[in-house]
> 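Quick one: this structure, given as structure tokens, is what I'll be asking you about.
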Amino acid sequence: MLRLAFLFSIIFAHMSFTSPLQGTEQTLSIIKPDGVAGNHIGEILSRFEKNGLRIAAMKMTRLSKNQAEEFYSVHRDRPFFEGLTTFMSSGPIVVTVLEGEDAIKKNREIMGATDPAKAVKGTIRADFASSVQNNAVHGSDAPETAKTEISFFFDKDEILR
Ligand code: CMP
């Protein structure tokens, strides 16, 4: 019996590290090299928090060219791939796991359209992005992508509550 309780406590501890709270979702956000170089980290993070998203994990890092190519491998055949991966490995980035109700959709609304010229006023990209490539932030676009992208940057025990 004691052994069973011990086993459950280990399973529960593991789940409380890794799984989003019931009814919530996790998404990956990157403040790109232009957002970091422009000193916009604090402002961007505060927009996530003010809109009800919780930061469940965070790190500042710098991607190598190879890592940027791996992260954006779905775009490998696009004409902008070379420029994008050179840009993404050009300086430090801030990577976060955001958690909350409908976090993927909510984050994409807060970010605004990929092309800042088309982004709604008051969104991160409308305010801080300078081009479709240098567009300040990245956010996962679907639950499966979020899972893959989160595990690209974080071990399970780095996601906390
Ligand atoms: P992101 O949300 O990180 O997803 C893929 C990235 O590719 C995108 O933001 C832009 O930075 C970049 N991207 C998408 N379309 C173009 C384009 N037409 N020209 C240059 N970069 C692009």
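Each ligand, and each atom within it, is numbered from 1 in the order the structure gives. Predicted model, so just to flag it, every value in this text is computed and none were measured.
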> Give the single entry among Leu84, Asp34, Thr85, Val74 that approaches atom 6 (C) of ligand 1 most closely by any heavy atom.
Leu84

> Where on Val132 is there a heavy atom closer than 4.0 Å to ligand 1, on the side chain, on the backbone, on both, or on neither?
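The answer is both.
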
> Atom 2 (O) of ligand 1: which of Arg78, Arg125, His75 has the nearest heavy atom?
Arg125

> As an exercise, identify every atom of ligand 1 less than 4.0 angstrom from a heavy atom of His138.
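Reading through ligand 1 atom by atom, the close ones are 1 (P), 2 (O), 3 (O), 4 (O).
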
> Distance only, no hydrogens: is a donor on one side chain within 3.5 Å (strictly under) of an acceptor on the other, for Glu149 and Ser140?
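Judged by distance alone, the side chains do pair up.
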
> For Lys147, look at atom NZ and say whether over 12 heavy atoms of other residues, nucleotides or ligands are found less than 6.0 Å away.
no

> Taking only residues two or more places apart in sequence, or in another chain, which ones meet Lys105 in a salt bridge (Lys or Arg N to Asp or Glu O under 4.0 Å)?
Glu109

> Closer than 4.0 angstrom: is that true for some heavy atom of Tyr72 and an atom of ligand 1?
yes

> Return a yes/no value for Gln133: is any of its N or O atoms, backbone included, closer than 3.5 angstrom to an N or O of ligand 1?
yes

> Do Lys32 and Asn135 have a side chain donor and acceptor closer than 3.5 Å?
yes

> Checking the side chain of Arg54 only, and the main-chain atoms of Leu98 only, is there a donor and an acceptor separated by less than 3.5 Å?
no

> List the residues meeting side-chain contact (heavy atoms from CB on, under 4.5 Å) with Asp127, not counting sequence neighbours, and say none if there are none.
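side-chain contact (heavy atoms from CB on, under 4.5 Å) check on Asp127 returns Arg47.
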
> Between ligand 1 and Phe80, is the shortest N or O to N or O distance under 3.5 Å?
no

> Would you say Thr114 has any N or O atom under 3.5 Å from an N or O of ligand 1, going by distance alone?
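Checking ligand 1 against Thr114, no N or O pair falls under 3.5 Å apart.
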
